[in-house]
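In what follows, a structure is listed as structure tokens, so that the remarks can point back to it.
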Amino acid sequence: MSSKSILTDKHIILGVTGSIAAYKACALASRLTQHGALVDVIMTESATRFVAPLTFQALTGRPVYTTMWQTDASGGLGTHIAHVSLAHEADLLLIAPITANMMAKIAHGLADDLLSVTALASANRCPILIAPAMDVGMYENPVTLANVDILRSRGVRFAGPGSGRMASGLEGLGRFIEPDEIAGHCRRVLGMNGSLAGRRVVVTAGPTREPLDPVRYLTNYSSGKQGFAIAQAAVDAGAVVTLITGPVSLPTPIGVERVDVLDTRSMLDAVLVHATGDDPTDALIMAAAVADFRPEEIAERKIKKTQDPASMQIDLTYNPDILYEVSRQTRKPLLTVGFAAESDDLIAHAQEKLARKSLDMIVANDITAGDAGFAVDTNRVVFVMSEGIEELPLMSKEEVAQRIVAWVAEHQM
Ligand code: C5P
């Protein structure tokens, strides 16, 4: 189920310059288009030596501009002032990949091709995000680094570069980062003035893992998808996000500070550090499926198979309840949202938890439904608040995340 995101209906100008990484800009254009963005591509002359304009046109279904001098549909602009209007209408000017040459031009205000003209005309009209791609020697040349400083000081935002192997065979800084990461940077930049701009949000996600011996542990089926989607939705709304997560295999949303933990007690420590104390967070959203109990003793050595049934017993003890511990702190988050995964009496159990854990809202879901809850991509939840409940229809976890973040933004203090 595809859902709307911060990228949907956004007008992005994608500038592509002459780097071998231009081929990766095709995947980027495709990804942004799949998210519903309207992507108009401007290619420099040298970029067209690496990739054909037709490739971008086919991927975006929109015009591709390659020159200032033609005023027809074959790569030119409709009118002589269209280069200015391109920048006026855009929500974001993304240049990916950007060469050292184009960075130098933009840093010094040169405007001798359609892309540099558009960048110059975009000042104060739309944010500029650049993803450098060049050989390590070019990137680390003092003249390029000075241009990086100039661009940063003027508010240009950077996506990378990364470090690693280059087409030349050399290794180092200057590598074009992956298209998905660049799309994540676009989200961060587009969301920066959103409904949670400047607010701090701590999100927990995933399962916790309770060790039994050096090779075994107790855990649950949580995939972390819902919590990660909430962290992304909070970034999209402009929040400063810390994501405290148990062991999951999901990429970290761009712009999120990720704190990895294993067991419940270390998740509690991390939550207390990041959400409470002298400078408590604005909102804490506890989406983690925290293990309620753990083996009373962790065996130092691997437990051996034995014929004696009595020695096969595992004694369990309760873990601390993180939300309850947070509620007992003197300085706590302004808003706290919990989750309740239930298999019966959904609303009644959620209401009881709302009160016991001193929550502002609880997101309740029935884990017996096959299309909602653990490890699937959709969820059907009920928002339970002291003033009443709101039942949401079946929707993607991304949409559930957006609804939770919207609720937080509406109720922020
Ligand atoms: O009591 P129950 O585990 O159903 O509560 C679920 C909510 O409480 C979730 O938000 C979960 O992250 C949180 N929780 C917690 N500490 C625990 C268990 C659950 O904070 N030990």
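Atoms within each ligand, like the ligands themselves, are counted from 1 in listed order.
The closest donor-acceptor contact from the side chain of Q402 to the backbone of K4 lies under 3.5 Å. No donor-acceptor pair under 3.5 Å is formed between the side chain of D40 and the backbone N or O of I13.
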Write out each pair where an N or O from ligand 1 and one from the protein are under 3.5 Å apart, with the distance.
unit_1   : atom_1 : unit_2 : atom_2 : d
ligand 1 : 1 (O)  : K357   : NZ     : 3.0
ligand 1 : 4 (O)  : K353   : NZ     : 2.4
ligand 1 : 5 (O)  : K357   : NZ     : 2.9
ligand 1 : 8 (O)  : K357   : NZ     : 2.9
ligand 1 : 10 (O) : M286   : O      : 2.7
ligand 1 : 10 (O) : F339   : N      : 2.8
ligand 1 : 10 (O) : F339   : O      : 3.4
ligand 1 : 12 (O) : M286   : O      : 3.4
ligand 1 : 12 (O) : A288   : O      : 2.7
ligand 1 : 16 (N) : I322   : N      : 2.9
ligand 1 : 20 (O) : I322   : N      : 3.3
ligand 1 : 20 (O) : L323   : N      : 2.9
ligand 1 : 21 (N) : P320   : O      : 2.9

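Comment: R380 does not engage D366 in a salt bridge, judged by the lack of any side-chain N to carboxylate O separation of less than 4.0 angstrom. Salt-bridge check for K302 with D213: failed, with every basic side-chain N at 4.0 Å or more from each acidic carboxylate O.
Pairs of residues two or more places apart, or lying in two chains, that qualify as salt bridge (charged side-chain N to carboxylate O under 4.0 Å, His left out) and include a residue from residues 323-335 are E325-R328.
A donor atom on one side chain and an acceptor atom on the other are not found under 3.5 Å apart for E140 and T144.
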